[in-house]
2 protein chains.
Amino acid sequence: MYIEIDFNSDEAIYNQLCDQIIMGIAAARLCDGDPLPSVRQLADDIGINMHTVNKAYTVLRQQGYVKVDRRRGAVISVDPGKVNALAELKESLRVDIARASCRNISREDVHKLVDQIFEEYRSDQSGEQGGR
Amino acid sequence: MYIEIDFNSDEAIYNQLCDQIIMGIAAARLCDGDPLPSVRQLADDIGINMHTVNKAYTVLRQQGYVKVDRRRGAVISVDPGKVNALAELKESLRVDIARASCRNISREDVHKLVDQIFEEYRSDQSGEQGGR
DNA sequence: GTGTTTGTTATATCTTTAATATAACAGCAA
DNA sequence: TTGCTGTTATATTAAAGATATAACAAACAC
């Protein structure tokens, strides 16, 4: 669990935590069934408050990335059946690409970046991922 | 100037304003030299405070999308020479694609979305855009 | 049993951000 | 002058983010 928090960022800490865990799942550094540290332990490791970690875990659960077991704590459990996922991605891309387009970044440039990122996320495995 | 603000969104109003104007530039509905409404008028149109619009304009100026003339007000003026643009785009894509990847959205799916969005942004013109 | 750790909930406090409300100023144009 | 522009200043309200304690029930080790 390598978690890097930028305390000078304008991004909320709990949001950075969510992002890093989700990227960890995509990169297959975190797999289905893997347990996350307890809220108290992770908070202590990073040097933040317990409730900040708890909020991140709560959001991750609501968005279908982890399940919480009273005894085992938070466990990676990705729910791939989110119907709005494609629409949400498109809306997010719309803003990013608008900014890029103003900077004369081409369609081909974006495709290259997408490929590079998928390479990062698939480097440890070649087949399916994030399934059941 | 079609501006749509979602007052129930978790996105700040001034941020929604920035995004919409930037997307307007990318879609060529706003072109270099076009004037934006005065902060007072746009605030009145949308039904928000003058300072909220002013903050949006200030951010847009800092990020190189508009220039502000004391007499003419805010004018579209895109500065394409932002060296970090590519790195910033990649960092943003990394998070988006991580989420998408967990939902089993493929590299090809993302490419399709990117193409669709570039179609939207290039529908009114075929050549260069966002230049000097 | 006791003791510890787990997630969870409930307060309370502090800080920052977002948004609003007035107000005033300087520059420019009719 | 009158009216518009951006800009700045100040104040206030509301919400979000983060922290600090504290307590509870469930699970497990002993």
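Here is how names work: the chains are called A, B, and so on, in the same order as the sequence lines, proteins then strands, and each is numbered from 1.
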Which residues within [range] lie with some heavy atom under 4.0 Å of an atom in DNA chain C?
| range | answer |
| --- | --- |
| residues 53-64 of chain B | B:Lys55 |
| residues 8-15 of chain A | none |
| residues 40-47 of chain A | A:Arg40 |

Please report, rounded to the nearest Å, how far the P atom of C:dA19 is from the CD1 atom of B:Ile48.
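These atoms are roughly 8 Å apart.
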In whole angstrom, what separates B:Met50's CE from C:dA24's P?
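Answer to the nearest Å: 14 Å.
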Residues clustered with B:Val75, ILVMFWY side-chain links under 4.5 angstrom:
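Listed partners: none, B:Val75 stands alone.
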Can you list, by chain and residue number, the hydrophobic cluster partners of B:Tyr14 when the side-chain cut-off is 4.5 Å?
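When side chains under 4.5 Å apart are linked, the cluster holding B:Tyr14 also contains B:Val59.
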Donor-acceptor pair, B:Arg103 side chain versus A:Asp79 backbone, under 3.5 Å?
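Flag set: sc B:Arg103 to bb A:Asp79 pair under 3.5 Å.
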With sequence neighbours excluded, what pairs up with [X] under the salt bridge (charged side-chain N to carboxylate O under 4.0 Å, His left out) test?
| X | answer |
| --- | --- |
| B:Glu88 | B:Lys82 |
| A:Asp115 | B:Arg107 |
| B:Arg99 | A:Asp19 |

Can you sort out the partners of B:Glu91 under side-chain hydrogen bond (donor to acceptor under 3.5 Å, both in side chains), two or more places apart, ordered by chain and number?
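B:Arg94.
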Enumerate the ring pair (Phe, Tyr, Trp, His ring centres under 6.0 Å) contacts for residues 59-114 of chain A, please, sequence neighbours excluded, ordered by first and then second residue.
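Every ring pair (Phe, Tyr, Trp, His ring centres under 6.0 Å) pair that includes a residue of residues 59-114 of chain A, provided the two are not neighbours, is A:His111-B:His111.
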Pairwise side-chain hydrogen bond (donor to acceptor under 3.5 Å, both in side chains) hits with a residue in residues 46-56 of chain B, at least two apart:
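Listed once each, the pairs are B:Asn49-B:His51.
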Terminal contacting nucleotides, 5' and 3', DNA chain D versus chain A (heavy atom, 4.0 Å)
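Listing 5' to 3', DNA chain D meets chain A from D:dG17 to D:dC28.
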